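For reference, the structure discussed in these notes is given below.
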Amino acid sequence: MGRQMIRIGFYGSSKEMAHWNATLGARLGDIEIHDLQSDAGQQCDVALVWAPPQDVLASCPNLKGIILQGQGVDHMMRDETVPRDIPLVRLVDPDMSDALSHWAILNALDFWRDGAHYRASQAQREWQPRAQRPATGARIGIMGIGAIGSVIATRFAALGFSVRGFARTERQLDGVEVFAGQDRLMAFADGLDVVVSVMPLTPDTTGIINAEFIRCLNPGAFIINGGRGPQIDDEDLLAALDSGQVGGAALDVFDVEPLPQDHPYWTHPNVRVWPHVAAQTNADTAAEQVSAAITRIMAGEDPANRVDWSRGY
Ligand code: GLV
C-alpha cells in the first residue's frame, strides 16, 4: 500500500521551496509543495512557513500542523489568527546552533582583541599596538541557555572565558554559572565584559537590556544580540555607547527589519550591523526533523519541539 500523499503549504522564496521539495520529498516520498497563498496551498495538510501574512493559515481548512523554518516564534505569537489548537513546531537545528555560536564567538573575540582599532589603524597605515586584554578570564554572560545558548556557553568556556548563563528557570550546565529568574538579572549582569543574547522574545525579555542592566556591566562592555531586536532598549544602548559605558555592540536583530535607512546604528562607529544572518535556515540539515514532524502530525501524534503558547516559545 502506497503512503498517503502529503500536501505542504509553503511560505518563503520559490528557490527555498524547490530546495525543501527535494529534501522533504527524498524522505517522505509522495508530497506536493505549493505556495501557501495559492488555491492548492490553501488545501495543505501541513504548513511550512516563516512569518506568513495574517489570516493565511487561518483559512486552510485541512491544516493539521504548522512548522516554522526558524527558531523564533514571536511573529506567530503576535498573530491572533494563527490556529492554536494544532501543533506549532519550531526548528531546533544543531547546524543553526553551530552557526550562531560561531557568529557570537567571532564578534566577542574581535572585540576582545581590538579588531575595530586595528582595522582603523590599518586604513591609516599606522602601526599602533594596544595592550592586549588578558587571554583568559573575560567575563561573558549568555542570556538564554536553551538549545542554542547552551552550545554557545560551553564553547566560550572552552576558549577560557568565565561564563555565566541567564535562564528563566533553574538548570545545570557544566562550566557555566547559572542565574535563574528575573530577580537574578542584575547579579548576572554585574561586572560582565561581554553579553550575548539569544533569548526568545517574550513579555519578560522585551526591553531587558536597558539602562539599569547596562549600568551593572563592566565599563566598556560589549553587547551581542542574536535574539530579537526589542530585547534592547535602543535609546539606552545608544546613550551608553556615546558615554563609553558600552564599548561596542554587534547586532543581528532589530525592532524593525530591514533596519531603517536613518537609524543611528548604521553609522555608529562602535556598532556592527548584521542583516539577520547569524544563523540561516539550512534545508539540508533541518529536513530530517521537519520530515519527522510532518510524519507525526499526519499520524495525529505530538511532534518534538512543539511551541508552548502559554510560555511564549
Ligand atoms: C531566526 O531569527 C530564527 O528565529 O530562526
Side-chain angles (χ1 to χ4, degrees), residues 10-13 15-17 19-20 23-24 36 47-53 57 65-79 82 87-107 142-153 167-168 195-206 208-209 223-232 234 249-259 265 272-293 303-309 311-313:
F10 187 84
Y11 190 77
S13 75
K15 191 163 158 238
E16 287 161 8
M17 185 160 94
H19 195 176
W20 283 105
T23 58
L24 295 177
L36 182 65
L48 178 59
V49 298
W50 185 250
L57 291 164
I66 304 165
I67 302 173
L68 298 176
Q69 293 162 43
Q71 337 224 6
V73 306
D74 40 296
H75 52 275
M76 302 303 268
M77 294 285 152
R78 278 196 298 274
D79 182 351
V82 174
L88 171 65
V89 177
R90 69 193 188 98
L91 281 193
V92 178
D93 183 1
D95 186 73
M96 292 177 85
S97 304
D98 279 343
L100 205 46
S101 74
H102 294 171
W103 178 82
I105 291 167
L106 164 75
N107 283 291
I142 314 301
M143 304 179 80
I145 45 172
I148 300 171
S150 60
V151 173
I152 297 177
R168 198 173 59 94
V195 176
V196 179
S197 171
V198 286
M199 291 181 291
L201 185 64
T202 67
D204 280 346
T205 68
T206 302
I208 192 169
I209 300 176
I223 294 180
I224 299 175
N225 193 7
R228 283 293 181 263
Q231 287 161 0
I232 290 185
D234 291 336
L251 310 173
D252 187 52
V253 287
F254 302 91
D255 273 10
V256 177
E257 295 179 12
L259 185 65
Y265 284 150
R272 300 220 251 149
V273 170
W274 294 73
H276 205 140
V277 290
Q280 292 169 272
T281 306
N282 180 336
D284 292 315
T285 57
E288 196 58 49
Q289 60 172 294
V290 170
S291 53
N305 301 316
R306 185 170 177 173
V307 172
D308 177 344
W309 286 95
R311 191 178 63 168
Y313 62 94

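It should be emphasised that the depicted structure is a prediction, and the values quoted were computed from it without experimental measurement. Atoms within a ligand are numbered from 1 in the order they appear, just like the ligands themselves.
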G72, any N or O under 3.5 Å of ligand 1 N or O | yes

Sub-4.0 Å atoms of ligand 1 with respect to non-hydrogen atoms of [X]:
X	answer
W50	3 (C), 4 (O), 5 (O)
G70	5 (O)
R228	1 (C), 2 (O), 3 (C), 4 (O)
M96	5 (O)

Using a 4.0 Å heavy-atom cut-off, say whether E257 meets ligand 1 through its side chain, its backbone, both or neither.
-> neither

Which heavy atom of [X] sits nearest a heavy atom of [Y], and at what distance?
X	Y	answer
P52	Y11	CA-CD2, 3.5 Å
D93	N282	OD2-O, 4.1 Å
Q280	M96	O-CG, 3.9 Å
A293	I67	CB-CD1, 3.8 Å

Pick one: which of I223, I224, I105 meets side-chain contact (heavy atoms from CB on, under 4.5 Å) with V196?
-> I224

The residue among R306, M76, Q71 that forms side-chain contact (heavy atoms from CB on, under 4.5 Å) with R90 is Q71

So which of Q71, H75, H276 gets nearest to atom 1 (C) of ligand 1, if we judge by its closest heavy atom?
-> H276

